[in-house]
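Both ligands and their constituent atoms are indexed starting at 1 by order of listing. The chain is numbered in sequence order, starting from 1.
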Amino acid sequence: MSTKNSLPTHVAIIMDGNGRWAKLRGKERYEGHIQGVESVRRVVRAAADTGVKYLTLYAFSTENWGRPAEEVEALMTLFCSCVINETPELISQGVKVNIIGSRARFSDEVNARLNEIEERTAGGQVLNLILALDYSSRSEITKAVRDIAGKVACGELKPEDISEQMISQELYTAAIPDPDLVIRTSGECRLSNFLLWQASYAEFYFPQTLWPDFTEDDFREALEVYASRERRYGIV
Ligand code: FPP
């Protein structure tokens, strides 16, 4: 089945280039992340305005724990201050926030803030904003395999009954449709352990723009590029 696209239901973004943006201006890397929050605001607004229903942002990968301690600390502080500062605006825009990822290594303070933003925005009906935090696709798939293997081991499930749909249901994204469009800013053309299973049939778009410079117009341009693509799902 070949389909011409209109609007993607789900856009997922790897927000890359904050460090380079800061370095180009003689600033510390964390200042690039602070500036990146402006782009998050712009893109959330653009997604809600254009009618995109799901927006996933890769905000902190499991690998990011390996960054210098002061950068990790700055990001944790930023996540907490974003919850405090952005929640009222997100509620007024009808944005519902969900967090995907492990959460095990976050401090109690960060986890409390993440729970707070999920609870306070739970009534949002315009846009689902999914924040991938301490997220790694391989560990997500590994966890799913482990859970399914546990069901087989206790006789609850037969190996031949394991289906693709069942695996999808064991992922953090069980309630979320697969992404139609994956954007990675800054010119890098990699998935970096992001939604490997879910992005099987996604379209990809790799603008050169560094994340802190990414505007509403850049987001709309990505939607136009998506609309011009033809999705064939492996069929002619
Ligand atoms: C990648 O750029 C970006 C990150 C690891 C962090 C992204 C976080 C934000 C934009 C902060 C706020 C987010 C939310 C959702 C509140 P990089 O540092 O790898 O850039 P580089 O490749 O140029 O070094």
Could you work out, with ring-ring contact (aromatic ring centres under 6.0 Å, His included) as the rule, every residue matching Trp211, not counting sequence neighbours?
Phe214
Glu188 heavy atom under 4.0 Å from ligand 1:
no
Say whether Lys23 and ligand 1 are in contact under the criterion: heavy-atom distance to a ligand atom below 4.0 Å.
no
Those atoms of ligand 1 less than 4.0 Å from some heavy atom in Leu131
15 (C)
Test of understanding: given a 4.0 Å heavy-atom threshold, classify the contact between Glu86 and ligand 1 as side chain, backbone, both, or neither.
neither
Per-atom filter on ligand 1: closer than 4.0 angstrom to a heavy atom of Asn64 are 5 (C)
Would Trp197 and Asp178 count as having a side-chain donor-acceptor pair, cut-off 3.5 Å?
no
Under a 4.0 Å heavy-atom limit, does Arg184 contact ligand 1 with its side chain, its backbone, both, or neither?
neither
Heavy-atom distances under 4.0 Å decide this one: backbone, side chain, both or neither, for Leu210 against ligand 1?
neither
Below 4.0 angstrom from a heavy atom of Arg67, which ligand 1 atoms are there? Numbered from 1 as shown, please.
5 (C), 17 (P), 18 (O), 19 (O)
Got a donor-acceptor contact below 3.5 angstrom from the Arg113 side chain to the Glu109 backbone?
no
Go through the structure and list residues passing ring-ring contact (aromatic ring centres under 6.0 Å, His included) with Phe204, not counting sequence neighbours.
none
Specify side chain, backbone, both or neither for Leu57, according to which of its non-hydrogen atoms lie closer than 4.0 Å to ligand 1.
neither
Would you say Leu181 and Leu131 are hydrophobically clustered, going by side-chain heavy atoms of ILVMFWY under 4.5 Å?
yes
Would you indicate whether the side-chain heavy atoms of Ile176 and Asn128 approach each other to under 4.5 Å?
no
